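Notes follow once the structure below has been shown.
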Amino acid sequence: ATDDYVAKGVTTAHDGGVTTAMWKNYMTAHKRGMLKNRVQLLPKHGWFDFSLAPTVQCGTPLTKDGLLSMGAVKLFQDGSLQGYTGYLSNPYHSLPDAISDGSWRGYPIYNPRELVNIVTRYHEEGWQVAIHGNGDEAIQLILDAYEEAQKRYPRADARHIIIHCQTVREDQLDRIKRLGVVPSFFVVHTYFWGDRHRDIFLGPDRAKRISPLRSALKRGIPFSNHNDTFVTPIDPLLSVWSAVNRITSSGQVLGEEYTISVMDALRSVTSWAAYQACEETSKGSLEPGKLADMVVLGDNPLAVDKKAIRDIPVLATIVGNELVYGSLE
């Protein structure tokens with residue numbers, strides 16, 4: 001896995017749902033020198049023995065070399081739009097015969113009170129919380145839980161996260177800004193699933209707004225863009241390409257008004273991603289005092305045609321001043 005990641009220029013990855021067994025395996029892999037890139041571990045609610053966690057502070061190194069670090073507690077509040085399990089405020093655009101009820105909107109994993117109680121407990125203990133939410137109704141419940149937790153136990157700079165945040169509405173982005181929540185968008189969905197979201201799951205109006213990066217940017221909301229193996233392959237440059245082009249697999253543009261600049265797209269997989277992970281003081285940009293994690297590309301993404309960004313080769317990947325992929329010659 002690390003060979004695959006460093007070949008795509010990934011110096012830090014997140015494992016968004018680490019169980020007790022996985023945690024122990026990561027520690028063993030580290031001791032054996034098997035890790036080539038850094039990994040932030042996000043303990044999975046209900047599946048992790050929290051007595052193993054030496055800290056609740058996101059971004060704290062778990063090993064002296066910083067190859068492993070502590071992440072947020074990971075929860076799920078709905079499923080996927082393409083699986084008809086994302087929780088929407090309005091019914092799906094088109095439904096299969098197996099779902100005869102035309103009012104189907106998906107469903108939440110936790111009821112509102114249960115989600116508030118879970119989030120509040122972790123928030124009170126000092127954890128950062130990251131919740132998977134694709135549908136706008138799931139996002140609404142997540143924001144309600146984050147806001148209620150802050151009301152009960154005010155805490156500055158909690159940086160709670162919404163993972164995917166696909167169908168977030170404009171009014172919800174206003175709440176995200178006010179609450180200091182960090183969206184982790186899934187913009188490559190515009191390529192891999194955009195046509196199907198437009199024609200089957202969401203319809204044209206909602207589909208063009210998935211991962212509305214420009215709307216977040218206008219509000220000054222820092223966000224990241226992720227891949228989600230095995231839903232989509234690991235490829236940060238493809239995320240950048242999708243953010244600036246929003247081209248579907250059929251070659252159509254889906255929501256051009258939500259595209260962003262190449263520089264901002266690069267920030268979403270570097271410095272803003274480091275901010276989300278509470279690691280902005282040690283990584284995310286090339287500055288004195290930060291880790292020597294960097295990628296050498298075969299061309300300048302700021303200079304090539306925007307549609308050619310995804311084709312730029314990764315020539316070398318360096319983690320902690322060590323060449324872990326490619327060549328510098």
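Index from 1, following the sequence. The shown structure was predicted, so the numbers you read here are calculated from the model rather than taken from an experiment.
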For the salt bridge (Lys or Arg N to Asp or Glu O under 4.0 Å) test, which of Arg267, Lys290, Arg159 pairs with Glu280? Arg159
Close side-chain approach of [X] and [Y], heavy atoms under 4.5 Å:
X      : Y      : answer
Ile210 : Leu202 : yes
Asn227 : Ser239 : yes
Gln172 : Cys165 : no
His197 : His93  : no
Arg178 : Glu147 : yes
Arg38  : Leu68  : no
Ile162 : Ile176 : yes
Leu88  : Asp136 : yes

Does the pair Ile161 and Val181 meet the rule for a side-chain contact (heavy atoms from CB on, under 4.5 Å), with working shown? CA-CA 6 Å; Ile161 303 166; Val181 172; 5.9 Å; no
Can you check whether [X] and [Y] have ring centres sitting under 6.0 Å from each other?
X      : Y      : answer
Trp104 : Tyr84  : no
His226 : Phe186 : yes
His123 : His160 : yes
Phe223 : Phe185 : yes

Could you go step by step and tell me if Leu237 and Leu297 meet the side-chain contact (heavy atoms from CB on, under 4.5 Å) rule? CA-CA 10 Å; Leu237 283 175; Leu297 301 177; 4.1 Å; yes
Walk me through it: do Ser224 and Ser184 pass the test side chain to side chain donor-acceptor pair (under 3.5 Å)? CA-CA 5 Å; Ser224 67; Ser184 184; 2.8 Å; yes
What's the verdict on salt bridge (charged side-chain N to carboxylate O under 4.0 Å, His left out) for Glu124 and Arg121, showing C-alpha distance, side-chain angles and the deciding distance? CA-CA 5 Å; Glu124 181 188 9; Arg121 174 167 61 87; over 6 Å; no
Plane angle bin for Phe76 and His132 - parallel if under 30°, tilted between 30 and 60°, otherwise perpendicular: tilted
Would you call the rings of Phe48 and Phe50 parallel, tilted or perpendicular if under 30° counts as parallel and over 60° as perpendicular? perpendicular
Given the rule that I, L, V, M, F, W and Y join up when any side-chain heavy atoms are under 4.5 Å apart, are [X] and [Y] in one cluster?
X      : Y      : answer
Val187 : Ile309 : yes
Leu67  : Ile234 : no
Leu213 : Val262 : yes
Leu291 : Val6   : no
Leu143 : Tyr153 : no

Before giving the answer on side-chain contact (heavy atoms from CB on, under 4.5 Å), spell out for His45 and Tyr122 the whole-Å C-alpha distance, their side-chain angles and the decisive distance to 0.1 Å. CA-CA 10 Å; His45 169 71; Tyr122 286 123; 2.8 Å; yes
Does Arg310 make a cation-pi contact with Tyr191 (under 6.0 Å, within 45 degrees of the axis)? yes
Charged tip of Arg246 within 45° of Tyr258 ring normal and under 6.0 Å: no
Step by step, would you call Met22 with Lys44 a side-chain contact (heavy atoms from CB on, under 4.5 Å)? CA-CA 10 Å; Met22 292 165 64; Lys44 185 176 181 180; over 6 Å; no
For Glu170, is there an ion pair with Arg219 - N to carboxylate O distance below 4.0 angstrom? yes
Donor-acceptor pairs under 3.5 angstrom involving side-chain atoms of residues 106-119: please list them, not counting sequence neighbours.
unit_1: Asn111; atom_1: OD1; unit_2: Arg113; atom_2: N; d: 3.2
unit_1: Asn111; atom_1: OD1; unit_2: Glu114; atom_2: N; d: 2.7
unit_1: Asn117; atom_1: ND2; unit_2: Arg113; atom_2: O; d: 3.4

In Å, rounded to the nearest 0.5 Å, how long is the span from CG of Asp15 to CD of Gln40? 10.5 Å
Which is it for Lys283 and Thr11 under the side chain to side chain donor-acceptor pair (under 3.5 Å) test, yes or no, and what are the steps along the way? CA-CA 10 Å; Lys283 62 179 67 168; Thr11 56; over 6 Å; no
Tell me if the CD atom of Glu257 is crowded by more than 12 foreign heavy atoms within 6.0 Å. yes
Please assess Arg198 against Asp195 for the test salt bridge (charged side-chain N to carboxylate O under 4.0 Å, His left out), listing each intermediate value before the final yes or no. CA-CA 5 Å; Arg198 181 193 62 235; Asp195 292 318; 3.0 Å; yes
Salt bridge (charged side-chain N to carboxylate O under 4.0 Å, His left out) between Arg169 and Asp171, intermediate numbers included: CA-CA 5 Å; Arg169 304 189 306 261; Asp171 64 295; 3.0 Å; yes
Test salt bridge (charged side-chain N to carboxylate O under 4.0 Å, His left out) on Arg175 and Asp144 and set out the steps. CA-CA 10 Å; Arg175 288 185 75 190; Asp144 290 346; 3.0 Å; yes
N/O donor-acceptor pair under 3.5 Å between Asn245 side chain and Ile247 backbone: no
